[in-house]
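The sequence lines fix the lettering, A, B, ..., with proteins before strands; numbering per chain opens at 1. None of these values were measured; they are calculated from a predicted model.
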There are 2 protein chains.
Amino acid sequence: MVTVAAFARTAALVGDPARAGMLTVLMDGRALTAAELARAAGVTPQTASGHLAKLAEAGLLTVARQGRHRYHRLASPAVARMLEGVMAVASMPDAARPAATRAPSIRSPGPRDAALREARTCYDHLAGRLAVAMADSLVARGAVELGEDGGALTPAGEVFLRGLGVDLDAASGRRVFCRPCLDWSERRPHIAGALGAALLATCLDRGWLRRSEGSRAVAVTPGGRLALGRAFGYRQACACGDAA
Amino acid sequence: MVTVAAFARTAALVGDPARAGMLTVLMDGRALTAAELARAAGVTPQTASGHLAKLAEAGLLTVARQGRHRYHRLASPAVARMLEGVMAVASMPDAARPAATRAPSIRSPGPRDAALREARTCYDHLAGRLAVAMADSLVARGAVELGEDGGALTPAGEVFLRGLGVDLDAASGRRVFCRPCLDWSERRPHIAGALGAALLATCLDRGWLRRSEGSRAVAVTPGGRLALGRAFGYRQACACGDAA
DNA sequence: CCCATGCTTCGGCCATCGCCGAAGCGTCCG
DNA sequence: CGGACGCTTCGGCGATGGCCGAAGCATGGG
């Protein structure tokens, strides 16, 4: 039985601006140190420490100590799904949201912003223009079906993706491991869930994409430009996310 | 762009105990008056009024005035999904959750509790033992596939459900409109999303189930007992939810 | 061995926000 | 038309909880 108190406590944990900032940053799926999270949230380390202790104790985060660092990451896909759900509601076009008290949210990414819109990680899968293009291409080719409530990989899609080297068995024995996830920047769904994770893993394994240091942006490699263009008809909008 | 501030504000809205209680009750999908919600949350009407105004302004609820009553309901499926996500995390078996400060959550349903566990509404679909049994039966028969990340209706399942009179076209043109939703009492997934809504609608239309007055429990009618037993192999655990 | 670094705990300050009593509007009914 | 009812607004009280400075443990490196 889930008590209303536990329900409220969980939501309240996400509802604090500082903690929300940390969780937002952790949505890229990586493990970050307390100091990095403190900077991201705009608070001092001691304040962040308190927040992180609460989040960990409630089971939203897991911590791994490595030397004198403590790495924090989202505890489970369920937490990521919850955060996605809140995002979806928060981004809904609702009645007159006064843009008055607009805190500087996250330190302005500046020129990196374009790279973020192009391709970035979203917990364990891809997001951005690349991810939306991949989803569109897969739907157009009849490889996956995507709806408001879920998605599915078709038999034809299974063949196609295996041909690309995507490891479909690692995820689960069934073909229903697909889930739409609303893209912040594109405002269109991309592919999340186990299939989304497998796609990202493949792109990284084959050297098509490379994670950026200290950012959730991912860069398309020269080889990736070729392979992604061929497989999904993807063409970069700009060269800003280029991998040297 | 979704600012971190908006994200936190949305979660904080859910994070207050009184508002959480109201939202929990509204998860049954019905529209309730401010007074009913005040009772459910255990606060006075004027306090509830303030909360409801905030929830409506943020787009979580929609209000419909009818005479001197104001009926409140969840604004969209997206809101229901968000609340489900929070529930899923809140119900996770995490580190030592002290059961000390256990508020009386919701007024104890007493004898009605058994009926709630048997069959109840969950936003726009069914939950409880009946819903889990239906999901199990559909999976066993190969009509739907359910995974952690989503679900899908198979071609065979489409035929089967059309035979039962389920209106599949009303939901969407595709067959991916299925979604797992963790059942509180059973701790196992049942079918949500557009398919779950269509199933509930069919059960009500055909007189197999009947909503109870003032409760989210639904009662199985004599005809429903026969039909649900035949279609899903369902047998009531007790007669407590009986429809006179 | 000692210092630098990363993180935590403690104590006190302060703002936010939920809460209710009282009073003010609309609506419905006798 | 007057009273009952549903709901809202207003004002003040109180508590929860976030914030930082300072100090306390650990770990790792010189």
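- Think of the region where chain B sits on DNA chain C: with heavy atoms and a 4.0 Å cut, that region ends 5' and 3' at C/dG18 to C/dC28.
- A straight line from CG of B/L37 to C1' of D/dT8 spans 15 Å, rounded to a whole angstrom.
- Atoms NZ and OG, on B/K54 and B/S49 in that order, are 10.5 Å from each other to the nearest 0.5 Å.
- Distance, B/L52 CG to D/dG6 C1': 13 Å, rounded to whole Å.
- Between B/R120 and B/S185, the side chains place a donor N or O and an acceptor N or O closer than 3.5 Å (distance only, hydrogens not considered).
- Closest-nucleotide positions on DNA chain D for B/T33 and A/G67 were compared, and the one nearer the 5' end corresponds to B/T33.
- Counting heavy atoms from C-beta on, the side chains of B/L32 and B/Y71 never come closer than 4.5 Å.
- In this structure, A/L23 CG and A/L83 CG are separated by 5.5 Å, a value rounded to the nearest 0.5 Å.
- With hydrogens and angles ignored, no donor-acceptor pair closer than 3.5 Å exists between the side chain of B/R68 and the base of D/dC7.
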Intermediate values then yes/no, side-chain contact (heavy atoms from CB on, under 4.5 Å), A/E36 and A/T33: CA-CA 5 Å; A/E36 289 171 314; A/T33 67; 3.2 Å; yes
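- Between B/D149 and A/R81, at least one side-chain nitrogen of the basic residue sits less than 4.0 Å from a carboxylate oxygen of the acidic one, meeting the salt-bridge criterion.
- Taking atom CZ on A/R70 and atom P on D/dT27, their separation rounds to 11 Å, with Å as the unit.
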Which atoms of nucleotides 15-19 of chain D (N or O only) lie under 3.5 Å from a protein N or O atom, and what are those distances?
{"residue": "D/dG18", "atom": "OP1", "partner": "A/R19", "partner atom": "NH1", "Å": "3.1"}
{"residue": "D/dG18", "atom": "OP1", "partner": "A/R19", "partner atom": "NH2", "Å": "3.1"}
{"residue": "D/dG18", "atom": "OP2", "partner": "A/K54", "partner atom": "NZ", "Å": "2.6"}
{"residue": "D/dC19", "atom": "OP2", "partner": "A/H51", "partner atom": "NE2", "Å": "2.5"}

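- Using a 4.0 Å cut-off between a side-chain N of Lys or Arg and a carboxylate O of Asp or Glu, B/R73 and B/D28 do not qualify as a salt bridge.
- A/R216 contributes a side-chain N or O that, together with a main-chain N or O of A/T121, makes up a donor-acceptor pair within less than 3.5 Å.
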